[in-house]
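First up is the structure itself, then whatever we jot down about it.
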Amino acid sequence: MIQGITAIVGRPNVGKSTIFNRMIQERKSIVEDTPGVTRDRIYGKGEWLTREFRLIDTGGIQLADQPFQEEIRMQVEIAVAEADVILFVVNGREGVTRDDEFIAQMLQKSKKPVLLVVNKIDNAEMSLNIYEFYSLGLGDPIAVSGVHGIGIGDVLDQMI
Ligand code: GDP
Ligand code: MG
């Protein structure tokens with residue numbers, strides 16, 4: 001069976017790991033290196049409509065002592081190099097930020113297929129928040145709530 005690879009990119013705290021954990025089948029496992037320090041897992045496997053896929057949470061791949069833009073640049077480069085499809089996660093409660101625009105430009109240059117996932121849309125009233133993300137030039141934003149599991153199936157349908 002052919003397995004596609006999907007990579008998740010986006011600023012810190014937009015909900016990448018929450019979405020990652022929802023999409024993978026194995027129970028969430030947190031790798032503990034040092035007492036008090038938890039590290040998110042980065043690789044996972046999922047299944048949707050009889051298709052299997054592999055998932056990479058690039059937010060868990062970090063560079064020590066590098067400015068934020070260098071770190072995010074490296075994460076996006078890994079996503080572009082490794083993945084067939086990229087999930088670009090943004091925060092629907094905060095609106096479009098300069099860092100989102102920076103990431104969007106890198107993704108556009110890459111010519112990879114990108115799904116624009118607007119997270120933290122926890123209820124119907126908030127769904128209007130997705131429209132401003134059209135300005136990123138990455139097509140139709142998909143509203144999701146990683147915490148509540150809303151819209152994740154729509155993203156998986158398009159991923160497949
Ligand atoms: P990451 O840094 O992009 O991996 O973000 P995380 O998955 O660690 O989530 C960051 C914070 O946002 C956590 O406190 C999550 O509980 C919260 N969060 C994630 N998804 C949602 C969502 O759909 N709605 C709300 N309200 N909070 C969320
Ligand atoms: Mg994370």
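Remember, it's 1-based here, ligands and their atoms both numbered in the order they're listed.
Counting atoms of ligand 1 from 1 in the listed order, those under 4.0 Å from a heavy atom of D122 are 22 (C), 23 (O), 24 (N), 25 (C), 26 (N). Here is the list of ligand 1 atoms found below 4.0 Å of a heavy atom in K16: 1 (P), 2 (O), 3 (O), 4 (O), 5 (O), 7 (O).
Counting heavy atoms under 4.0 Å from ligand 1, residue V144 does not touch it at all.
The shortest N or O to N or O distance between S145 and ligand 1 is under 3.5 Å. Between V147 and ligand 1, an N or O atom pair is found at a separation short of 3.5 Å. On a distance-only criterion, K120 and ligand 1 share at least one N/O pair closer than 3.5 Å. Of the N or O atoms in I121, none lie within a sub-3.5 Å distance of an N or O in ligand 1. Among the atoms of P12, none of the N or O lies under 3.5 angstrom from an N or O of ligand 1.
Residues E71 and Q66 have side chains that never bring a donor and an acceptor to within less than 3.5 angstrom of each other. Between the side chains of R54 and T6, not a single donor N or O lies within less than 3.5 Å of an accepting N or O.
We find that D84 and K112 are not joined by a salt bridge, their nearest charged nitrogen and carboxylate oxygen being 4.0 Å or further apart. Of the charged side-chain nitrogens involved, none lies within less than 4.0 Å of a carboxylate oxygen, so that E94 and K120 do not count as a salt-bridged pair.
Panel note: side chain N119, backbone G146; a donor-acceptor pair is recorded below 3.5 Å. Listed for the D57 side chain is no donor-acceptor partner under 3.5 Å among the backbone atoms of F20.
For the pair R93 and ligand 1, a heavy-atom separation below 4.0 Å is found.
Using a 4.5 Å heavy-atom cutoff, the side chains of F133 and V96 are in contact.
For N13, every N, O or S atom stays at 2.8 Å or more from the Mg ion (ligand 2).
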